[in-house]
Amino acid sequence: MELETATAISHPDGEMEPHPPANWYAVYTCARHEKRVREQMELRRLQGFLPLYRAAHRWKDRRKEVELPLFPSYVFVHLALKERLRVLEIPGVVSFVTSQGRPAPLPQHEIEPFLGGLNGQMRIEPHPYLQVGRHVRLRCGPMAGLEGTLLRKKEGLRLVVSIEMLMRSVAVEVDAADVEPCRNNTGAAKRSWQ
């Protein structure tokens with residue numbers, strides 16, 4: 001499905017004007033307004049998308065499985081940029097995500113897997129944003145608190161801890177879900193992620 005094909009609009013004088021292509025855009029919403037914004041998009045006949053995931057929440061008296069936004073405070077919309085005012089008029093919408101002062105279209109290869117892939121066949125949930133080269137920490141398990149630098153994110157993560165005094169290193173396989181970004185860059189031993 002090609003979403004960025006431009007069509008032409010004919011004018012009474014016979015000239016053809018290209019119709020701007022429709023793209024996917026991220027819309028920033030007020031906190032916990034994502035579902036209402038998505039409903040309003042539907043009522044206004046806008047093509048909106050809100051990826052959700054299931055999570056168990058526990059209160060004092062009960063436990064319940066709820067659907068939550070995969071990207072809190074964001075809803076996606078597919079439209080031509082000239083129609084953006086229709087979105088900005090929706091209660092709960094704050095703004096479009098911009099780049100250099102203009103709404104930034106999402107790359108097709110980043111949004112497309114979510115459009116067709118969230119049909120309950122795989123478990124998906126939010127995770128802290130990790131970049132290669134980022135200082136990270138193990139947040140649970142027997143080695144919780146161990147820090148290192150993320151070198152590779154393919155096929156799980158491998159934590160390498162080097163003990164300089166002995167001039168030896170050990171490697172430990174870790175799950176990506178057990179890793180979080182570090183706020184500081186302190187650490188006694190040299191560590192790296194592979």
Shortest non-hydrogen contact between Leu79 and Tyr25, atoms and distance: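 Looking at all heavy atoms of both residues, the closest pair is O-CE1, 3.5 Å.
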Full working for side-chain contact (heavy atoms from CB on, under 4.5 Å) between Gln47 and Val77: CA-CA 6 Å; Gln47 186 180 357; Val77 65; 5.8 Å; no
Partner set under salt bridge (charged side-chain N to carboxylate O under 4.0 Å, His left out) for Glu65, not counting sequence neighbours: Arg54
Partners meeting salt bridge (charged side-chain N to carboxylate O under 4.0 Å, His left out) with Glu39 (sequence neighbours left out):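 Listed in chain order: nothing, the list is empty.
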Intermediate values then yes/no, side-chain contact (heavy atoms from CB on, under 4.5 Å), Lys64 and Arg58: CA-CA 6 Å; Lys64 183 178 179 182; Arg58 187 180 303 179; over 6 Å; no
Residues that Phe71 engages under ring-ring contact (aromatic ring centres under 6.0 Å, His included), provided they are two or more places apart: Phe76, Phe114
Phe49 vs His78 side-chain heavy atoms within contact, under 4.5 Å: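 No, every pair of side-chain atoms sits at 4.5 Å or beyond.
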Full working for side-chain contact (heavy atoms from CB on, under 4.5 Å) between Tyr74 and Glu34: CA-CA 7 Å; Tyr74 292 96; Glu34 304 90 350; over 6 Å; no
Distance-only donor-acceptor hits, side chain of residues 84-106, under 3.5 Å, sequence neighbours excluded:
unit_1, atom_1, unit_2, atom_2, d
Arg84, NH1, Leu81, O, 3.3
Arg86, NH1, Glu83, OE1, 2.8
Arg86, NH2, Arg44, O, 2.6

Reported CH2-to-CD distance for the pair Trp24 and Gln108, which is rounded to 0.5 angstrom: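 One finds 9.0 Å between CH2 of Trp24 and CD of Gln108.
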Distance in Å, Thr29 OG1 paired with Lys35 NZ, rounded so as to fall on 0.5 Å steps: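 Result: 12.5 Å between the selected atoms.
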Donor-acceptor contact present, side-chain His33 to main-chain Ala31, <3.5 Å: yes
For Arg45, all residues meeting side-chain contact (heavy atoms from CB on, under 4.5 Å), sequence neighbours excluded: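 With neighbours one apart ignored, the set is empty.
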Contacts of His57 that satisfy side-chain contact (heavy atoms from CB on, under 4.5 Å) - sequence neighbours left out: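 Partners of His57 under the side-chain contact (heavy atoms from CB on, under 4.5 Å) test: Ala55, Trp59, Val66, Leu68.
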Pair Arg38 + Glu42: basic N to acidic O under 4.0 Å: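 Salt bridge flag = yes for Glu42 with Arg38.
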